[in-house]
Engineer: 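Next up is a structure, given as structure tokens.
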Protein chains: 2
Amino acid sequence: MAIMRDIAELHEPEALARLVSYRIRLVQIAAYKTFEARVSGHGSAPRYYGMLKLIEANPGVPQARLAEAIFLDRSSLVPILQELEREGWLERRAAPQDKRVRRVFLTPEGAGWLVALERDVEEHEARLTAGLSAEDLDTLHGLLLRLDDNLRDVQAGRV
Amino acid sequence: MAIMRDIAELHEPEALARLVSYRIRLVQIAAYKTFEARVSGHGSAPRYYGMLKLIEANPGVPQARLAEAIFLDRSSLVPILQELEREGWLERRAAPQDKRVRRVFLTPEGAGWLVALERDVEEHEARLTAGLSAEDLDTLHGLLLRLDDNLRDVQAGRV
DNA sequence: TATTGTTATACTCTATAACTATA
DNA sequence: TATAGTTATAGAGTATAACAATA
């Protein structure tokens, strides 16, 4: 191939273009940056939207279970929860049955703020998936879940 | 909802489960960790596989164009290129036409190592997409490209 | 004036190891 | 012995601001 002149767009080789792992990585990076650029005024919560929804759906989850669910080390979760607690999103309560455990709950305020944050998330999702029919979305979800299953097999050492 | 007991798996609320952005993020994080755990002995190159393939397909690309292509600031790319150059993967040559520019090329050794690395990438890709037919893959690529297009519209301010 | 590459610097995110208290 | 939460610490990875050289 000739040495490139200073063209605007780089050529994307077919060896990259046909990799699902490559395309997913690029889409995820771009989607995350677009989302972070979009939301503001919610403190540090937007990037933890998924975790906050998990807490909402699993009130009283122990920190260690939460860390596992989002693929973080227990110790990495501590400062995140401390900040969100300081901002009033959540609270932690000692578990009387097992004094080692601190159970995590959304505060009523946090639950309310989450509704507003959810609107931003839904708008971002709508931008991301614009033009896709309900059937397209079902297909996409189904295929992504199959990738997810495959990865769990790898992580569990089943492959 | 009742306060959770210490169950193994957290409940994933429907509001999360139907978000393409959420599922893609989880798949990407898991796929990246699986890949990094898989490859070793290639120095720091595996995480820059995509960039190295771009350099291979666009020999002599200026650093600034490369940074744009992978959504990095020019300054963030500098230490990455310095390390890969030190490891022998690539070289940078001053551009006679424009003395500000340094053009990036794979070394012959780097091109050879990339073949070996590519085998690991392909194996990882095969694990990730196991069970998907050629038609499934076409469908998935098509849908991901439509997400990619939507994000470019957002970034370009067209939406 | 604008662009390219670079450096200095700081910030975010994460993991590891070690600790305590509990089980 | 094992687990839950915490702290101290270090290492990636990134961006911003400022700079010199060049266009």
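Order of the sequence lines fixes the chain letters, A, B, ..., with proteins taken first and strands second; residue numbering starts at 1 for each chain. Being a predicted model, the structure only gives us computed values, none of them experimental.
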Engineer: Under the side-chain contact (heavy atoms from CB on, under 4.5 Å) test against A/Arg152, which residue among A/Asn150, A/Val154, A/Asp148 passes?
Structural biologist: A/Asp148
Engineer: Look at A/Glu122 together with A/Arg119 and state whether they make a salt bridge at an N to O cut-off of under 4.0 Å.
Structural biologist: no
Engineer: Nearest whole Å is fine: how far is C/dT3 P from B/Leu66 CG?
Structural biologist: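 To the nearest whole Å, that distance equals 19 Å.
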Engineer: Between A/Arg102, A/Glu68, A/Arg92, A/Arg103, which is the residue that forms a side chain to side chain donor-acceptor pair (under 3.5 Å) with A/Gln63?
Structural biologist: A/Arg92
Engineer: Going by side-chain heavy atoms closer than 4.5 Å, which hydrophobic residues are tied to A/Leu144, directly or by a chain of links?
Structural biologist: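 Same cluster as A/Leu144: A/Val20, A/Ile24, A/Val27, A/Leu128, A/Leu132, A/Leu137, A/Leu140, A/Leu143, A/Leu147, A/Leu151, B/Val20, B/Ile24, B/Val27, B/Leu128, B/Leu132, B/Leu137, B/Leu140, B/Leu143, B/Leu144, B/Leu147, B/Leu151.
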Engineer: Looking only at side chains, do A/Thr107 and A/Glu91 share a donor and an acceptor under 3.5 Å apart?
Structural biologist: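 A/Thr107 vs A/Glu91: no donor-acceptor pair found between side chains.
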Engineer: So, the side chain of A/Glu125 versus the backbone of B/Ser21: is there a donor-acceptor pair under 3.5 Å, distance only?
Structural biologist: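 Checking the backbone N and O of B/Ser21 against the side chain of A/Glu125, a donor-acceptor pair under 3.5 Å is found.
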Engineer: Reading DNA chain D in the 5' to 3' direction, which nucleotide is the first one with an atom under 4.0 Å from a heavy atom of chain A, and which is the last?
Structural biologist: D/dA2 to D/dA15
Engineer: Reckon B/Gln82 has a side-chain N or O less than 4.0 Å from the OP1 or OP2 of C/dG5?
Structural biologist: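 Checking C/dG5 against B/Gln82, no side-chain N or O comes under 4.0 Å of OP1 or OP2.
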Engineer: Can a side chain N or O of B/Arg103 be found less than 4.0 Å away from OP1 or OP2 on C/dG5?
Structural biologist: no
Engineer: Is any NZ, NE, NH1 or NH2 atom of the basic residue among A/Lys33 and A/Glu36 found under 4.0 Å from an Asp or Glu carboxylate oxygen of the other?
Structural biologist: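 So A/Lys33 does not pair with A/Glu36 through a salt bridge.
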Engineer: Strictly below 4.0 Å, N to O, side chains only: are A/Glu118 and A/Lys53 in salt-bridge contact?
Structural biologist: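 Looking at A/Lys53 together with A/Glu118, the answer is yes, because their closest N to O distance falls below 4.0 Å.
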Engineer: Treat primed atoms plus P, OP1 and OP2 as sugar-phosphate and everything else as base, then score nucleotides 10-18 of chain C 5' to 3': B for base contact with protein heavy atoms under 4.0 Å, S for sugar-phosphate contact only, - for none.
Structural biologist: ---SSBBB-
